[in-house]
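Encoded as structure tokens, the structure appears first; notes follow it.
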There are 2 protein chains.
Amino acid sequence: MDPFINYIKLYIDLSHEAETEIQQLALYEEVAKGHQLLEVGKTARRLYFIVSGTIRTFFYQKGKDVTYWIYPENSVITSWHSYLLKKPSAEYIEVIEDSMLISLSYDEWQDLYSKYPELERFGRLLFQEQIALLDDFYKGYYFMTAKEKYELLLQFFPDITLRANLGYIASMLGISQETLSRIRGK
Amino acid sequence: MDPFINYIKLYIDLSHEAETEIQQLALYEEVAKGHQLLEVGKTARRLYFIVSGTIRTFFYQKGKDVTYWIYPENSVITSWHSYLLKKPSAEYIEVIEDSMLISLSYDEWQDLYSKYPELERFGRLLFQEQIALLDDFYKGYYFMTAKEKYELLLQFFPDITLRANLGYIASMLGISQETLSRIRGK
DNA sequence: TACACTTTTTGACCTATGTCAAAATTTGTG
DNA sequence: CACAAATTTTGACATAGGTCAAAAAGTGTA
């Protein structure tokens, strides 16, 4: 079965017509580690679903590579600010493990929303969930020690250390790689 | 004119029936400074629109009062995690300036979504915007110095110092009140 | 198996910002 | 107006975690 269709069905009942149309529009692609799905300055046109693999978003701050977030399979990913507001992206999107992706464009989604009320609902529910997640993660994050932040992250992504290297994880938490290394060494 | 209806019309075309129904369902209330709209442990049942006034969300971390976010008029506010997932709230919602509020309950919104497709769309667009905002604010926030964080916040909320006291603002930024005071003193 | 490259760990040192306490200032109220 | 309460500022000092550099460990590949 199409994993993205299954994912959508977790949220809503999908009509047969909508299902068929999504499958026709969707772009299925295998992408190798290291490939960039989006560059800074370009506008994000597509919303990706990760069937398998791992992706990160990052940007350069004062010359340093700072990871913003890491996404495992069964995640929906784009640069929200850029995709939703049609503005140049402030971040890169990079594949960090060979990945299988399914994507549709922004414009295709607009058509689907209008054509199928259940997809409008899917959109609402999906965005709701993203908010609840973001809200939950950031709450109480400030004023945590480096160790506490790392432990919180492990609750959210128990297998993150298998998916991304230390430098990426450390910068997600706003701490240096050396500090994270010391924390892990107990 | 009803300010919340106007707000909705910024996002969608609202049918006359939907408009009438929202106005009938909506609870209009004046709330005094200091009142708590939601307590930790209780589930958020309502989505508020702030016509005038200021509201903050906060929680206690290691015995300290930590402000999570501050909302001025024309904001939509609830405890997202609690409201959307029907779980006990991890934060308080407190009125910090006498406010005029308009609210509907979660259940009322579910009915409205089903009854009026344009409101389902409103929901999607509203949540999209919240994501774009959150996404934008947090990006690059890590690895900033206390001064840079404060300057970033001022770009988002130019008049925040008029709405909330220093301690609230400092904890929003994850810095101590003393540090913020020193930054402002140049 | 060995070489080259990448990633992680360790060490030495330093600084931004936290903490605690008290003084100064501002705000609210009878 | 004057006092009490709340808020902000200032001072002295402590420390978590940053930086830079180098060593160690891990990984891929010919």
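Because the structure is predicted, anything quoted here is derived from the model rather than measured. Below, chains carry the letters A, B, ... as their sequence lines are ordered, and counting in each starts from 1.
Of the charged side-chain nitrogens involved, none lies within less than 4.0 Å of a carboxylate oxygen, so that A:R45 and A:E108 do not count as a salt-bridged pair. Salt-bridge annotation for B:E151 and B:K147: present, with a side-chain N of the basic residue lying under 4.0 Å from a carboxylate O of the acidic one. The existence of a salt bridge linking A:K33 and A:E97 is excluded, since no basic side-chain nitrogen approaches an acidic carboxylate oxygen closer than 4.0 Å. Residues A:K86 and A:D107 are paired through a salt bridge, judged by an N-O separation under 4.0 Å between the basic side chain and the carboxylate. Salt-bridge formation is detected for the pair B:D65/B:R56: a Lys NZ or Arg NE/NH1/NH2 atom is positioned less than 4.0 Å from an Asp or Glu carboxylate oxygen. Between A:K115 and A:E17 there is no salt bridge, since no side-chain N of the basic residue sits under 4.0 Å from a carboxylate O of the acidic one. Taking the charged nitrogens against the carboxylate oxygens, B:K9 and B:D13 have no contact shorter than 4.0 Å, which rules out a salt bridge.
At whole-Å resolution of the value, CD1 in B:I96 and P in D:dA6 are 16 Å apart. If you measure from atom CD of B:E97 to atom C1' of C:dT27, you get 14 Å, rounded to the nearest angstrom. D:dG28 atom C1' lies 14 Å from atom CG of A:D98, rounded to whole Å.
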Interface polar pairs with nucleotides 3-5 of chain D, N/O, under 3.5 angstrom:
none

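Looking only at distances, no side-chain donor or acceptor of A:T67 sits under 3.5 Å from a matching main-chain atom of A:F58.
Residues of residues 153-170 of chain B having a heavy atom closer than 4.0 Å to DNA chain C: none are found.
Judged by the 6.0 Å distance and 45° axis criteria, B:R124 is positioned over the aromatic ring of A:Y113.
When the side-chain nitrogen and oxygen atoms of B:R184 are compared with OP1 and OP2 of D:dT9, one or more of them lie within a distance under 4.0 Å.
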Protein heavy-atom contacts under 4.0 Å, written 5' to 3' over nucleotides 17-22 of chain C as B (base), S (sugar-phosphate only) or - (none), form the string SSBBB-
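No side-chain donor-acceptor contact under 3.5 Å links A:S89 and A:E39.
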